[in-house]
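The next block holds one structure in the form of structure tokens; read it before the comments.
All figures in this text were calculated on a predicted structure; none of them were measured in a lab. A note on names: the letters A, B, ... follow the listed sequences, proteins ahead of strands, and every chain is numbered from 1.
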Amino acid sequence: VVCWTALFIAYAHNGNLKESKVIFDAIPEPDLVAWTSMLVVYAQNGYLSKARKIFGRMPQRDLVSWTAMLSAYARNGNLRESKLIFDDIPELDLPSWNAMLSAYSQNGHLEDAKRIFHMMPARNLSSCNAILSAYSQEGDVPNAKRCFDKMPQHCMVSWNAMLAAYARAGHLEDARIFFATFHETDLVSRNTMLVAFSQAGNIQEATRIFDDMPFWDSVSWSSMLFAYALNGHLDNAKEMYDRVPYRD
RNA sequence: AUUCGGGCGUUGU
């Protein structure tokens, strides 16, 4: 059952949802991990009702599956249901607090996110990243920066979240300067800068970022495509479209 | 030892 679970998760990561489900269905007695994994596979691909169905059919549930369902609702904009689950969980652990925190953060409820952040019994890097992202979404660069500077550790997610705060607030110059201080960049950092340049109408810089990337994901492709399209370069947009190596 | 089948954090339409 362990190998089958690993296998259907791998299929899902490659975009083969149907195959993934076929494998899951072939498992004679799926255990808690298999059920939860199937739930997450659906949730992460936007199939909330299928995820909910899996959740309802699970023979047992534990803290991990409750938290997975909480996040599934949050990711799909159903904050009320997330809160109901959160209130029903008997023993909360750090990931479940974090899940509720990011549920508020992802849905633009800064005040609730702050409340949770101060209420939780312990915090880790994910908690700090989530609250930083809440400020970022609000366009509150000063508080985002204060939060970033106060954090005991940073990782790529923290750097990228701060970069996104500058970008979203339209502080392109600050974003550019901050980006230049990165010791390493990843797909997300580059995509963020690509979009920032594109939104400022600077197609040359956006293109330069795109061309310098070692690999691309669907965000890179669609961002570059829209960068051309929204700036009137329909011919280039069309060329981009034809170059996309997959459809989704 | 980030001990490797599951839940929490960052980017586009």
Side-chain angles (χ1 to χ4, degrees), chain A residues 1-10 12 23-24 27 30-41 43-44 51 54-55 58 61-75 82 85-86 89 92-106 113 116-117 120 123-137 144 147-148 151 153-168 175 179 185-196 198-199 206 209-210 213 216-227 229-230 248:
Chain A
V1 114
V2 172
C3 299
W4 296 66
T5 304
L7 190 64
F8 82 70
I9 292 174
I23 297 169
F24 173 78
I27 303 178
D31 62 8
L32 202 55
V33 175
W35 280 102
T36 307
S37 305
M38 195 64 235
L39 189 168
V40 170
V41 160
Q44 290 182 346
I54 293 286
F55 188 70
M58 296 175 67
R61 299 180 189 94
D62 66 359
L63 186 50
V64 175
S65 40
W66 284 98
T67 305
M69 196 61 230
L70 190 167
S71 301
Y73 280 126
R75 228 190 312 271
S82 295
I85 292 188
F86 184 74
I89 298 180
L92 297 162
D93 68 355
L94 186 48
S96 43
W97 279 99
N98 283 340
M100 194 63 235
L101 169 60
S102 51
Y104 284 128
S105 166
Q106 285 163 359
I116 294 285
F117 186 78
M120 43 201 298
R123 294 164 199 89
N124 64 6
L125 183 55
S126 289
S127 329
C128 296
N129 288 336
I131 197 76
L132 168 58
S133 165
Y135 284 121
S136 161
Q137 289 199 18
C147 182
F148 182 85
M151 291 170 61
Q153 294 96 27
H154 299 129
C155 64
M156 276 316 296
V157 173
S158 333
W159 287 91
N160 289 339
M162 190 61 229
L163 183 65
Y166 287 126
R168 192 159 321 160
F179 185 65
T185 61
D186 65 7
L187 200 49
V188 175
S189 340
R190 292 165 185 252
N191 285 341
T192 304
M193 284 311 290
L194 192 168
V195 172
S198 148
Q199 283 172 350
I209 297 267
F210 185 88
M213 291 171 72
W216 306 268
D217 65 359
S218 60
V219 176
S220 329
W221 285 104
S222 64
S223 302
M224 196 64 237
L225 199 158
F226 273 88
L230 298 176
D248 72 346

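- Looking at heavy atoms from C-beta onward, A:M156 lies out of side-chain contact with A:V188 at the 4.5 angstrom threshold.
- Look at OH on A:Y166: it is 19 Å from P on B:U10, rounded to the nearest Å.
- Straight-line distance from the CG atom of A:L101 to the P atom of B:U10: 10 Å, rounded to whole Å.
- No engagement by A:R61 is indicated, since no non-hydrogen atom pair under 4.0 Å with the nucleic acid exists.
- Ring pair A:W221/A:F210: centre-to-centre distance below 6.0 Å.
- The same atom, C1', is picked in B:U2 and in B:G9; the two are 15 Å apart, to the nearest Å.
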Which letter, B, S or -, goes with each nucleotide of nucleotides 2-7 of chain B from 5' to 3', with contact meaning a protein heavy atom under 4.0 Å? ---BBB
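- Donor-acceptor pairing under 3.5 Å is lacking for the side chains of A:N129 and A:S126.
- Regarding A:Q106, its CD atom lies at a distance of 13 Å from the C1' atom of B:U11, rounded to whole Å.
- Taking every side-chain heavy atom of A:V157 into account, B:U10 is the closest of B:U10, B:C8, B:U11.
- One can place CH2 of A:W97 at 18 Å from P of B:C8, the figure rounded to the nearest angstrom.
- With rounding to the nearest 0.5 Å, the separation of OG in A:S220 from CG in A:L194 is 7.0 Å.
- Contact annotation for A:S222: base contact, defined as any heavy-atom pair under 4.0 Å involving a base atom.
- If you measure from atom CG of A:N124 to atom C1' of B:C8, you get 8 Å, rounded to the nearest angstrom.
- Residues forming a side chain to side chain donor-acceptor pair (under 3.5 Å) with A:S222 (at least two apart in sequence, or on another chain): none.
- In this structure the side chain of A:L92 reaches within 4.5 angstrom of the side chain of A:F86, judged on heavy atoms.
- When heavy atoms are screened at a 4.0 angstrom cut-off, A:L70 is found touching no nucleic acid atom at all.
- Atom CH2 in A:W216 sits roughly 22 Å away from atom P in B:U11 (whole-Å rounding).
- Separating the C1' atom of B:U10 from that of B:G6 is a span of 22 Å, rounded to the nearest Å.
- B:U3 and B:G7 have their P atoms separated by 13 Å, given to the nearest Å.
- The distance between atom NE2 of A:H154 and atom C1' of B:G9, rounded to the nearest whole Å, is 13 Å.
- B:C8 atom P lies 16 Å from atom CG of A:L92, rounded to whole Å.
- Using the six-membered ring where Trp is involved, A:W35 and A:F24 have ring planes that are perpendicular, over 60° apart on the 30 and 60° scheme.
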